[in-house]
Each structure stands twice: as structure tokens, then as C-alpha cells.
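So the structure is just underneath, and the comments pick up after that.
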Amino acid sequence: MKNDSFDSYAEKYDAWFLENRNVLYSEVKLVAYFLKNAGRILSMGCGSGLFEMILRKEFGIAIKDGVEPSADMAEIARKRGMSVEIGTAEDVCLENGRYDTMLYNGCPSYIPDLEKAVGNSYNALPEGGRIILIDIPKESSYGLLYNLAKATGTWDHVLLKDVYPRNPYPIELVNQSNWRTTAEKVALLENAGFSGLAFAQTLTKHPIYSNNMVEEPVAGYDSGDYVAICAYKQ
């Protein structure tokens, strides 16, 4: 999960979320959805720790530890009170049974070998432990827009005129991504040995309107641009 752009654009990443506050809080609520009685949580690809800070302060969910490949991102997360190890989800050495929940919020599309990362988490989780993958599905409205922007190399293209949000996600970070379909992520989880899959989603409006209001998460995966998959090691 090595993405050099995140070192150069760490502050830009935070600024985008803070400028799109309703999108941010819709996503935070989705992250919180599967974290009830989650035990000790490791945030994989924790980024700047923005979500973890909000979850701690406003939802009473404490996520103290993270893994993050970007040194700049990790430094911001540490200033927000997290203990962060520099490393990748594929190769980080995880102590067996130390964590009850492995949280992958917004990072699966930036992990080149997601299969290896999921397997690494499965091996480290105790029986009954859970993994939560949260990301933009490739088949969603955001996924299609982002892939079109990535293919054209810019948001300023005639094919994208008037169909993307006023403050689009930074193109430098879009270019680093590899979005996967929900079906692909389900297959990775099941092949690793996870079962008992459950789904929740948010950002159900077209991307142009997704920042108009904060949405509550709803079950399922067929209409949201941000989807959470929770699975268990049984």
C-alpha cells in the first residue's frame, strides 16, 4: 500500500473532507455502524486519523492504533492521539489475537495486493474477530466518475462537465486508486476464510448532491457510493 502522493498531499486530503463536511459525516456514521462491541480495533491505512478523531470525540469509539504507509499522514494521525506504525497492510507484522477488529476505511482501493492484506488480517484475528472493508465500489456513481477522471487524467474534461461535485476529490489521489467491485471484495473475504458477511451503505444520492445533507447508513450495498462489508473469522 505505497502511495507517494499521500506524502505530498496529506493536508490536501484533510482539507477536502473538511470542505465536504456532510460527505465526511455520512461516511463517519457508516464507519461507526459496524463498530459496536468491536473490542480492540486496528485501523489499517488510517491516513491522517481524521475519522478516528471524530469517532473518539463524538461517537465514543476509541481507535488508538493504526498502520499507515505515508509518513506525512502518520504524523498528522499521531498529533491527533493515535499510535501509528509506518507500514503496509500486506506486509505489516501483526501479533496474533492482539486486535478483535481490523478496520479498512477508505483504503482498500489504495492497497495493490488486497488479497494478501485480507489474508494477513485473517491470520492475526482471533476466533470471532471481524474485518470491516469500507470503500467506494467500482460499480457506484462515484466509482464510475473517478475512473473516468483517472482515464482522462483531469476533472476538466468535456465528458465530465457538470456531472461531478463542486469540490471533487483531488485528481492526484484519484490517479493512485484501483477501485474494486463489491463482488470482488466479497470473493477476497470468502477466499480468505471469512464468513457471516453483512453490508451497509451511505451516499445514496448522485455525487453532485451527496454533500447536501448528512445521511444515516442503511443496510445493503446496491444504492450507496460508500459501502461497508463486515465479515467474521469463525
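Remember, it's a predicted structure, so these values are computed and weren't measured experimentally. Just so it is clear, the values below take in all heavy atoms, side chains as well, and ignore hydrogens, waters and symmetry mates.
- Of all heavy-atom pairs spanning I86 and S70, the tightest one is CD1-O, 4.2 Å.
- Taking CG from L30 and CG from N105, the interatomic distance works out to 8.0 Å, rounded to the nearest 0.5 Å.
- Heavy atoms from other residues, nucleotides or ligands lying under 6.0 Å from CG of N37 number 12 at most.
- One hydrophobic cluster holds both V163 and Y169 under the rule that ILVMFWY side chains link at heavy-atom gaps under 4.5 Å.
- With rounding to the nearest 0.5 angstrom, the OH atom of Y226 is 8.5 Å from the CG atom of L203.
- Counting only residues at least two apart or on different chains, no side-chain hydrogen bond (donor to acceptor under 3.5 Å, both in side chains) pair has a member in residues 151-160.
- In this structure, L94 and L42 have side chains that are in contact, with non-hydrogen atoms separated by less than 4.5 Å.
- When the side chain to side chain donor-acceptor pair (under 3.5 Å) test is applied to S83, no partner is found at least two apart in sequence or on another chain.
- Sorted by first and then second residue, the pairs that involve residues 17-35 and meet side-chain hydrogen bond (donor to acceptor under 3.5 Å, both in side chains), not counting sequence neighbours, are Y25-E58, K29-E216.
- Counting only residues at least two apart or in different chains, ring-ring contact (aromatic ring centres under 6.0 Å, His included) contacts with residues 197-222 comprise F199-Y221.
- A heavy-atom distance below 4.5 Å is found between the side chains of I132 and L35.
- The two atoms that bring V118 and L189 nearest to each other are CG1-CD2, 4.0 Å, heavy atoms only.
- Applying the salt bridge (charged side-chain N to carboxylate O under 4.0 Å, His left out) criterion to R98, with sequence neighbours excluded, gives no partner residue.
- In terms of the side chain to side chain donor-acceptor pair (under 3.5 Å) criterion, residue partners of T204 (sequence neighbours excluded) are, by chain and number, E215.
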Please assess N212 against K205 for the test side-chain contact (heavy atoms from CB on, under 4.5 Å), listing each intermediate value before the final yes or no.
CA-CA 9 Å; N212 287 356; K205 309 295 184 183; over 6 Å; no

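- For residues 56-86, the set of pairs meeting the ring-ring contact (aromatic ring centres under 6.0 Å, His included) definition, not counting sequence neighbours, is empty.
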Let's go through I134 and L103 carefully: what are the C-alpha distance in whole Å and the side-chain angles of both, what is the deciding distance for side-chain contact (heavy atoms from CB on, under 4.5 Å) to 0.1 Å, and is it a yes or a no?
CA-CA 8 Å; I134 312 177; L103 173 65; 4.0 Å; yes

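- Counting all heavy atoms, side chain and backbone alike, A77 lies closest to G47 at CB-O, 3.5 Å.
- In terms of hydrophobic clustering, with Ile, Leu, Val, Met, Phe, Trp and Tyr side chains grouped at heavy-atom distances under 4.5 Å, I76 and L24 are assigned to different clusters.
- By the criterion of side-chain heavy atoms lying less than 4.5 angstrom apart, applied directly or through intervening Ile, Leu, Val, Met, Phe, Trp or Tyr residues, V174 is not grouped with L144; the two fall into different hydrophobic clusters.
- A heavy-atom distance below 4.5 Å is not found between the side chains of I131 and Y122.
- A distance of 8.0 Å separates CD of E90 from CG of L114, quoted to the nearest 0.5 Å.
- Between the R180 side chain and the P108 main chain, a donor and an acceptor come within less than 3.5 Å of each other.
- In this structure S121 satisfies the side chain to side chain donor-acceptor pair (under 3.5 Å) test together with Y104, sequence neighbours excluded.
- No side-chain heavy atom of I63 sits under 4.5 Å from any side-chain heavy atom of R56.
- At distances below 3.5 Å, at least one donor-acceptor pair connects side-chain atoms of N120 with backbone N or O atoms of V92.
- The shortest non-hydrogen separation linking G97 to P126 is CA-CD, 4.2 Å.
- Both L133 and L197 are assigned to one and the same hydrophobic cluster, defined by single-linkage of ILVMFWY side chains at heavy-atom distances under 4.5 Å.
- Residues V214 and M53 are members of one and the same hydrophobic cluster, defined by side-chain heavy-atom contacts under 4.5 angstrom among Ile, Leu, Val, Met, Phe, Trp and Tyr.
- I171 and A149 get closest at one heavy-atom pair: CD1-O, 3.8 Å.
- A distance of 11.0 Å separates CG in L188 from CZ in F194, rounded to the nearest 0.5 Å.
- Side-chain atoms of Y110 and D135 form no donor-acceptor pair, as typed in the model, at a separation below 3.5 Å.
- Sorted by first and then second residue, the side-chain hydrogen bond (donor to acceptor under 3.5 Å, both in side chains) pairs involving residues 181-195 (not counting sequence neighbours) are E139-T182, T181-E184, S195-Q234.
- Side chain of Q201 to main chain of A219: a donor-acceptor pair is present (N/O by atom type, distance under 3.5 Å, no hydrogens or angles).
- The salt bridge (charged side-chain N to carboxylate O under 4.0 Å, His left out) contacts involving residues 31-54 comprise R40-D65, where partners must be two or more places apart or lie in separate chains.
- With D225 contributing its side chain and S140 its backbone, the two residues share no donor-acceptor pair below 3.5 Å.
- Pairing each heavy atom of L55 with each of A32, the nearest pair is CD2-CB, 3.8 Å.
- A 6.0 Å sphere centred on NZ of K138 holds no more than 12 heavy atoms belonging to other residues, nucleotides or ligands.
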Criterion side-chain contact (heavy atoms from CB on, under 4.5 Å) on I61 and F51, from CA distance to verdict
CA-CA 10 Å; I61 298 172; F51 281 75; over 6 Å; no

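- Not counting sequence neighbours, E127 has no partner by the side chain to side chain donor-acceptor pair (under 3.5 Å) test.
- Side chains of S210 and Y142: a donor-acceptor N/O pair is present below 3.5 angstrom, by distance only.
- Each salt bridge (charged side-chain N to carboxylate O under 4.0 Å, His left out) pair with one or both residues in residues 102-125, not counting sequence neighbours, appears once here: D91-K116.
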